[in-house]
Q: 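Pasting a structure here, questions to come.
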Amino acid sequence: MDTVSAPAYPKLTLCIDGRFLAGDGRPEQDVTNPATGEVNGRLPHATREDLDHALAAAERAFQSWKKSSPVERSKVLRRAAELFRERAPEMARGITLDMGKPYAEAMAEVMGGAEHCEWHAEECRRIYGRVIPPRVDGVRQLVLREPIGVCAAFTPWNFPFNQAIRKVVAAIGAGCTLVLKGPEDAPSAVVILAQVFADAGLPAGCLNIVWGVPAEVSDYLIRSPIVRKISFTGSVPVGKQLAALAGSLMKRCTMELGGHSPAIVFEDADVDRAAELLANMKYRNAGQVCVSPSRMFVHEQAYDRFVETFAAVASSLKVGNGLDKDTRMGPLAHQRRLPTMESFVEDADRRGGKVLVGGSRIEGAGQFFAPTVITDVPDDSRLMTQEPFGPIAPIVRFRDFDEVVQRANSLPYGLASYAFTRSSRNATAISNAIEAGMVNINHFGIALSETPFGGVKDSGYGSEGGAETFDGYLVTKFVTQLN
Ligand code: NAD
């Protein structure tokens with residue numbers, strides 16, 4: 001096996017008030033490699049005192065960081081972007097060891113995150129208020145935009161670096177401070193993220209990293225009167241729970257939750273291109289992507305050709321350890337997802353679906369599930385109604401525009417969507433009709449730093465990236481002054 005070698009796996013720590021804290025008697029958990037079952041490292045959990053300490057540090061740091069100039073914030077973010085690029089091999093290897101994705105995908109994640117950091121360095125210099133002409137001479141009316149305060153952020157394991165950096169740069173760029181609980185099952189990139197910001201000159205206390213039992217830590221942080229804003233990326237049920245608690249305390253939220261993205265292929269599309277692109281997108285990160293195309297609706301005239309090409313890509317993917325350079329798809333990050341994948345397949349099979357490719361776990365060490373293609377599965381099956389978050393692709397037929405729109409919009413999710421057509425009339429009509437926060441027509445073009453990323457309906461609210469990126473981290477203050 002031709003494997004990737006790089007610096008050693010980092011020592012796992014908390015980061016509180018600028019200090020990197022190891023176990024020292026704290027409870028710890030193993031972090032294991034899903035491709036081999038080997039232990040990568042031991043992660044310390046924050047005690048109650050640690051959480052109080054982190055909150056107090058964030059509150060204290062906010063008093064000065066909120067007064068920092070955009071130029072100063074920009075310098076820190078720009079320097080951090082450079083350091084992420086320097087440490088990319090170490091970070092990428094850690095991501096692969098922690099959650100299994102192929103090393104090349106992990107590298108792309110780190111480089112994309114560095115770019116995101118750099119873009120926020122530029123954009124934070126353009127947080128402006130406005131002047132409103134008065135009704136009465138001598139009055140001056142100003143709209144000021146101020147940082148909201150201390151933020152609590154909770155980020156998941158599927159893009160351990162990318163999901164965390166998105167929240168950190170928006171908060172820090174806006175002049176906020178934060179306490180971030182990263183993914184306990186994939187922590188190494190978040191530990192390095194904290195080291196990089198310390199090295200880039202971010203003052204102690206502005207960014208605090210904690211670990212623990214997710215429900216306990218989130219409950220404690222959200223209830224703290226110090227915390228003014230919550231940002232979460234993860235599943236819909238957990239997002240609703242956290243938003244309900246935050247709502248009862250009148251705290252602002254950004255919620256980036258799950259999706260079950262429709263991909264609609266019209267009869268006039270370049271069918272082979274659509275099938276190749278969607279199959280490659282679908283199995284990226286073993287399908288553990290919130291914007292993964294996960295319900296393929298194909299016009300009946302294009303169906304057979306699409307299925308053939310899509311199945312050929314799925315069958316050709318080399319599945320294995322993400323550190324092996326040939327690997328195109330790694331393991332599932334969690335053991336518990338293997339029976340979930342099996343139950344999706346069983347349900348589809350029972351309801352008349354045809355398993356064309358894969359359909360089962362791959363025996364041996366590691367948590368591998370074969371890239372799977374299932375056709376002719378009914379719309380009310382589990383696979384067509386619940387987010388699979390794994391390497392299973394359902395492909396179904398449709399006849400006309402109104403029918404496919406109704407079926408695509410029938411679920412409570414509304415994150416990403418995809419359509420393929422050569423007709424500009426179809427393209428405009430589908431982008432108007434689809435209930436989603438993001439629409440890709442004839443390509444994949446979302447999740448760029450300069451474009452807003454976010455969902456509607458149960459997929460959440462608030463945008464990360466784009467000109468909207470700081471909105472969730474700022475409050476509006478109106479000043480009227482008679483001289
Ligand atoms: P899960 O619901 O158990 O956990 C999802 C994430 O939320 C994890 O990172 C977990 O540590 C965290 N979490 C769980 N309970 C929490 C709590 N009370 N407070 C704070 N954080 C909490 O699901 P899972 O099995 O880890 O992942 C599968 C599901 O998660 C998928 O169906 C998918 O919708 C969702 N997910 C979405 C994204 C995304 O990018 N939107 C990322 C990861 C997972």
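Counting starts at 1 for both ligands and their atoms, following the listed order. As a basis for the values below, the full set of heavy atoms in this structure was taken, side chains included, without hydrogen atoms, waters or symmetry mates.
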Q: Taking only heavy atoms of G258, which atoms of ligand 1 are found under 4.0 Å from at least one of them?
A: 34 (O)
Q: In ligand 1, which numbered atoms sit nearer than 4.0 Å to a non-hydrogen atom of T233?
A: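 Counting atoms of ligand 1 from 1, those under 4.0 Å from T233 are 39 (C), 40 (O), 41 (N).
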Q: Could you tell me whether E256 and R166 have a side-chain N and a carboxylate O separated by less than 4.0 Å?
A: no
Q: Picking from Q29, E184, R26, E216, what satisfies side chain to side chain donor-acceptor pair (under 3.5 Å) with H45?
A: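 Between H45 and the candidates, side chain to side chain donor-acceptor pair (under 3.5 Å) is satisfied uniquely by Q29.
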Q: Which ligand 1 atoms does E256 reach within 4.0 Å, using its non-hydrogen atoms?
A: 41 (N)
Q: Provide, to 0.1 Å, the distance between atom 43 (C) of ligand 1 and the closest protein heavy atom, together with that atom's residue and name.
A: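 Here the closest protein heavy atom is P156 CB, 3.4 Å.
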Q: Looking only at protein heavy atoms, which one is nearest to atom 22 (C) of ligand 1, and what is the separation?
A: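 Residue, atom and distance for the closest contact: P214 CB, 3.5 Å.
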Q: Test your reading of the structure: does Q163 have an N or O sitting under 3.5 Å from an N or O of ligand 1?
A: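 Yes, there is a polar N/O contact under 3.5 Å.
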Q: Quick test of your reading of the model: are D324 and K318 salt-bridged, counting only N-O distances below 4.0 Å?
A: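 Looking at K318 together with D324, the answer is yes, because their closest N to O distance falls below 4.0 Å.
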Q: Between R382 and E346 (salt bridge meaning N to carboxylate O under 4.0 Å), is one present in this structure?
A: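 Salt bridge flag = no for E346 with R382.
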Q: In the complex you have, is atom 10 (C) of ligand 1 within reach of the protein, judged by whether a heavy-atom distance drops under 4.0 Å?
A: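 Within 4.0 Å: no protein heavy atom nearby.
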Q: Is K457 positioned over the aromatic face of Y413, cation under 6.0 angstrom from the ring centre and no more than 45 degrees off axis?
A: no
Q: Specify the protein heavy atom at minimum distance from atom 6 (C) of ligand 1: its residue, its atom name, and the distance to 0.1 Å.
A: G234 CA, 4.2 Å
Q: For atom 16 (C) of ligand 1, what's the nearest protein heavy-atom neighbour? Residue, atom name and distance, please.
A: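 Among all protein heavy atoms, the one nearest atom 16 (C) of ligand 1 is V238 CG1, 3.4 Å.
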Q: Which of the atoms in ligand 1, numbered in the order shown and given with their element, are less than 4.0 Å from a heavy-atom of C290?
A: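 Matching atoms, with element in brackets: 39 (C), 40 (O), 41 (N).
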Q: Do R295 and D379 sit within salt-bridge range, that is, some charged N less than 4.0 Å from a carboxylate O?
A: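 Salt bridge: no.
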Q: Closest by any non-hydrogen atom to atom 4 (O) of ligand 1: pick that one out of A215, S235, P388, A152.
A: S235
Q: Do L257 and ligand 1 have an N or O pair less than 3.5 Å apart?
A: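 Indeed, backbone or side chain, L257 has an N or O that close.
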Q: For atom 27 (O) of ligand 1, what is the nearest protein heavy atom, given as residue, atom name and distance?
A: W157 CZ2, 3.5 Å
Q: Side chain of T254, backbone of G462: donor and acceptor closer than 3.5 Å?
A: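 The answer is no, because no donor-acceptor pair under 3.5 Å joins these two groups.
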Q: Would you say the side chain of M384 lies within less than 4.5 Å of the side chain of F297, judging by non-hydrogen atoms?
A: yes
Q: When you compare ligand 1 with E184, is there at least one nitrogen or oxygen pair between them that comes in under 3.5 angstrom?
A: no
Q: From the options M255, R337, R336, E387, select the one whose nearest heavy atom is closest to atom 25 (O) of ligand 1.
A: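 When every heavy atom of M255, R337, R336, E387 is considered, R336 comes closest to atom 25 (O) of ligand 1.
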Q: In the protein, what heavy atom is nearest to atom 12 (C) of ligand 1, and what distance, to one decimal place, separates them?
A: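 Ranked first by proximity to atom 12 (C) of ligand 1 is F232 CE1, 4.2 Å.
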Q: Looking at D52 and R48, is any side-chain nitrogen of the basic one under 4.0 Å from a carboxylate oxygen of the acidic one?
A: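 The answer is no: the pair does not qualify as a salt bridge.
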Q: Given that the side chain starts at C-beta and the backbone is N, CA, C, O, which of these parts of L242 lies under 4.0 Å from ligand 1, counting heavy atoms, or is it both or neither?
A: side chain
Q: Can you tell whether the side chains of E105 and R284 come within less than 4.0 Å, N to carboxylate O?
A: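 Looking at R284 together with E105, the answer is no, because their closest N to O distance does not fall below 4.0 Å.
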Q: To which protein heavy atom is atom 28 (C) of ligand 1 closest, and what is the distance rounded to 0.1 Å?
A: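 Scanning the protein heavy atoms, the shortest distance from atom 28 (C) of ligand 1 goes to F389 CD2, 4.0 Å.
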Q: Under 4.0 Å, heavy atoms only, figure out whether ligand 1 is touched by the backbone of S218, its side chain, both or neither.
A: side chain
Q: Give, for atom CD of E123 and atom CD of E468, the distance between the pair rounded to the nearest 0.5 Å.
A: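 Result: 9.5 Å between the selected atoms.
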Q: What's the separation between atom CG in D98 and atom CH2 in W157, rounded to the nearest 0.5 Å?
A: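 Atom-to-atom, D98:CG and W157:CH2 are 12.5 Å apart.
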